[in-house]
Amino acid sequence: MRNRVTGCQAGRTMASQPTMERPTSIFDLDYSSWELRLKIIGLGFLFYSLFFLICHILSAILCTTYRTLPAREKVFWDLAATRALFGVQSTVAGLQALTEDGAVFADKVRGQTGWSWVNVLTAVGFFLFENVALHGSSVAFRSFDLPLAVHHAFALAGFAGTVVWHTVGHFLPMVTLLLEMSTPFTCISWMLLKAGWSRTLFWKANQWLMIHMFHCRMVLTYYMWWVSWRHWTELSIYVPLPQRLVFFTGLALLTLLINPIWTHKKTMQLLNPVDWNFSNKPAPENGPTEKAHAS
C-alpha cells in the first residue's frame with residue numbers, strides 16, 4: 001500500500017513539472033547563446049562563400065562573356081551575383097519588418113523575434129565575407145576602393161554591434177537591410193552591360209527599375225531618420241553610444257553622399273551606358289539588337 005501511494009505521489013510530481021518543448025524551427029532557438037550566434041554567423045559566411053565559388057564555376061562553364069573577362073572583372077561578376085542573392089534575402093526581411101504586425105514593428109527600439117535574429121546573424125556572415133573578398137581582391141589586384149571599403153566596414157560594424165549588444169531592437173537593422181533592394185537590379189545591369197546588351201529594351205527596363213530602387217533607398221533613409229527622431233529618448237537609453245555612433249554616421253553618409261552619388265551615376269548610365277567600375281569607355285554592343293546578331 002505504501003509503495004502504491006509513493007508511486008502515485010511520484011506520478012503527480014512528474015506530471016506537475018513543466019515539459020521542455022523542443023524548438024520546431026530555427027526561428028524558435030535561444031539566441032541569447034553566444035555559441036548559437038557564432039554558428040549561424042559562420043554558416044552565413046560559408047553559404048555566401050560557397051555561392052561565390054559556385055557562381056564562378058557555372059559562369060566559366062556556361063557563359064562566353066565571363067570567359068573573356070579579365071580576372072579582376074570575373075571576381076566582380078561573382079561578387080555582383082552574390083550581392084544580388086543577399087539583396088533578395090534582405091528585401092524580404094526588410095519588407096516583413098515594415099508590414100508584419102509583430103514584435104519588431106511594435107517596439108522599434110527593443111523588439112526582436114527569431115526570424116529577425118536569423119537575418120541579423122546571416123547579414124554579419126555576409127558582410128564578413130564581403131570585407132574578406134574586397135580586401136583580398138585589393139591585395140591580389142593592387143587596387144583599393146576607399147568609398148566601397150568604408151561602406152562595407154560600416155555595414156559590418158553596425159550589424160556586429162547588434163549581435164554584441166544583443167538587447168538592441170531589430171527594426172532599424174531590418175529596415176537597413178531593405179536598402180539592399182537595388183542590388184539584384186545592379187547585378188543584372190552590369191552583367192548585361194558586359195555582354196553588350198546595353199541597347200536592348202530589357203536592359204533599359206532593368207535600368208529604370210534600378211533607378212527607381214535607388215530613389216526608394218533615399219526615401220527609406222529619410223524614414224529611418226524620422227523613426228529615430230520619434231524614438232530618440234528610447235534610443236539614448238537602450239542603445240549603447242558606440243552603436244549609435246556607428247549607425248548614425250553610416251546613415252548620414254548614405255543620406256548625404258552615397259545614395260545621391262549612386263542615383264546620379266545610375267541615371268547617367270541609362271543615357272550613356274558606361275562601365276564606371278573599370279573604365280569610362282562605352283559598353284560593347286553585341287546584343288540581340290545588332291544586325292550581325294540578327295542575321
query: Taking the six-membered ring for Trp, are Trp117 and Phe27 ring centroids under 6.0 Å apart?
result: no
What pairs of donor and acceptor atoms, side-chain ones from residues 168-182 against any protein atom, are under 3.5 angstrom apart with sequence neighbours left out?
unit_1	atom_1	unit_2	atom_2	d
His170	ND1	Ser116	OG	2.7
Thr176	OG1	Leu172	O	2.7

- request: Please confirm whether Lys204 makes a cation-pi placement over Phe202, using NZ or CZ under 6.0 Å from the six-membered ring centre and within 45° of the ring normal.
  value: no
Is [Y] reachable from [X] through a run of hydrophobic residues whose side-chain heavy atoms are each under 4.5 Å from the next?
{"X": "Trp262", "Y": "Met218", "value": "no"}
{"X": "Trp226", "Y": "Val239", "value": "yes"}
{"X": "Val164", "Y": "Phe248", "value": "yes"}
{"X": "Leu58", "Y": "Leu79", "value": "no"}
{"X": "Leu69", "Y": "Leu62", "value": "no"}

Tell me whether [X] at atom [atom1] has more than 12 heavy atoms from other residues, nucleotides or ligands lying less than 6.0 Å away.
{"X": "Trp34", "atom1": "CH2", "answer": "yes"}
{"X": "Arg230", "atom1": "CZ", "answer": "no"}
{"X": "Trp232", "atom1": "CH2", "answer": "no"}
{"X": "His264", "atom1": "NE2", "answer": "no"}

Please check: side-chain N/O of [X] versus main-chain N/O of [Y], any donor-acceptor pairing under 3.5 Å?
{"X": "Arg37", "Y": "Val163", "result": "yes"}
{"X": "Glu130", "Y": "Ala153", "result": "no"}
{"X": "Thr122", "Y": "Asn119", "result": "yes"}
{"X": "Lys108", "Y": "Phe105", "result": "yes"}
{"X": "Arg67", "Y": "Ser59", "result": "no"}
{"X": "Arg72", "Y": "Phe141", "result": "no"}
{"X": "Thr255", "Y": "Ala252", "result": "no"}
{"X": "His231", "Y": "Val227", "result": "yes"}

N/O donor to acceptor pairs below 3.5 angstrom from side-chain atoms of residues 45-57, sequence neighbours left out:
unit_1	atom_1	unit_2	atom_2	d
Tyr48	OH	Gln89	OE1	2.4
Ser49	OG	Phe45	O	2.7
His56	ND1	Tyr66	OH	2.6

Evaluate the side-chain proximity of [Y] to [X]: yes if any heavy-atom separation is below 4.5 Å, no if none is.
{"X": "Ser25", "Y": "Asp28", "value": "yes"}
{"X": "Lys194", "Y": "Met191", "value": "no"}
{"X": "Val88", "Y": "Pro184", "value": "yes"}
{"X": "Leu256", "Y": "Leu253", "value": "no"}

Criterion side chain to side chain contact (heavy atoms under 4.5 Å, CB included) on Val104 and Gln112, from CA distance to verdict: CA-CA 5 Å; Val104 173; Gln112 300 177 353; 5.7 Å; no
Could you measure the distance from the [atom1] atom of [X] to the [atom2] atom of [Y]? Nearest 0.5 Å is fine.
{"X": "Ile211", "Y": "Thr267", "atom1": "CD1", "atom2": "OG1", "value": "4.0 Å"}
{"X": "Ser228", "Y": "Tyr223", "atom1": "OG", "atom2": "OH", "value": "10.0 Å"}
{"X": "Leu43", "Y": "Leu121", "atom1": "CG", "atom2": "CG", "value": "10.0 Å"}
{"X": "Leu95", "Y": "Ser90", "atom1": "CG", "atom2": "OG", "value": "10.5 Å"}
{"X": "Asn259", "Y": "Phe214", "atom1": "CG", "atom2": "CZ", "value": "7.5 Å"}
{"X": "Trp225", "Y": "Thr221", "atom1": "CH2", "atom2": "OG1", "value": "9.0 Å"}

How close do [X] and [Y] get, heavy atom to heavy atom, and via which atoms?
{"X": "Ala84", "Y": "Cys187", "answer": "CB-CB, 3.7 Å"}
{"X": "Gly161", "Y": "Gln243", "answer": "CA-OE1, 3.3 Å"}
{"X": "Arg217", "Y": "Leu254", "answer": "NH2-CD2, 3.6 Å"}
{"X": "Ser32", "Y": "Asp30", "answer": "OG-OD1, 2.6 Å"}
{"X": "Tyr238", "Y": "Pro240", "answer": "O-CD, 3.7 Å"}
{"X": "His135", "Y": "Ala149", "answer": "CE1-CB, 4.3 Å"}

field: Val132/Phe129 under side chain to side chain contact (heavy atoms under 4.5 Å, CB included): CA gap, chis, key distance, verdict
entry: CA-CA 5 Å; Val132 170; Phe129 158 77; 5.8 Å; no
- line: Taken in chain and number order and not counting sequence neighbours, the residues that satisfy side chain to side chain donor-acceptor pair (under 3.5 Å) with Asp101 are none
message: Using the rule given for side chain to side chain donor-acceptor pair (under 3.5 Å), can you reason through Trp115 versus Glu100, listing the C-alpha separation, both sets of side-chain angles and the distance that settles it, and then say yes or no?
response: CA-CA 12 Å; Trp115 68 263; Glu100 184 179 77; 3.3 Å; yes
- prompt: Going through the checks in order, is the side chain to side chain contact (heavy atoms under 4.5 Å, CB included) test met by Met213 and Thr183?
  reply: CA-CA 9 Å; Met213 291 300 104; Thr183 52; over 6 Å; no
message: Let's go through Phe154 and Phe247 carefully: what are the C-alpha distance in whole Å and the side-chain angles of both, what is the deciding distance for ring pair (Phe, Tyr, Trp, His ring centres under 6.0 Å) to 0.1 Å, and is it a yes or a no?
response: CA-CA 8 Å; Phe154 269 99; Phe247 174 75; over 10 Å; no
task: Determine, step by step, whether Ile41 and Phe126 satisfy the side chain to side chain contact (heavy atoms under 4.5 Å, CB included) criterion, reporting the C-alpha distance in whole Å, the side-chain angles of both residues, the deciding distance to 0.1 Å, and the verdict.
output: CA-CA 8 Å; Ile41 291 172; Phe126 170 78; over 6 Å; no
message: By the definition side chain to side chain contact (heavy atoms under 4.5 Å, CB included), identify the one residue from Leu156, Ile40, Leu38 that meets it with Val124.
response: Leu156
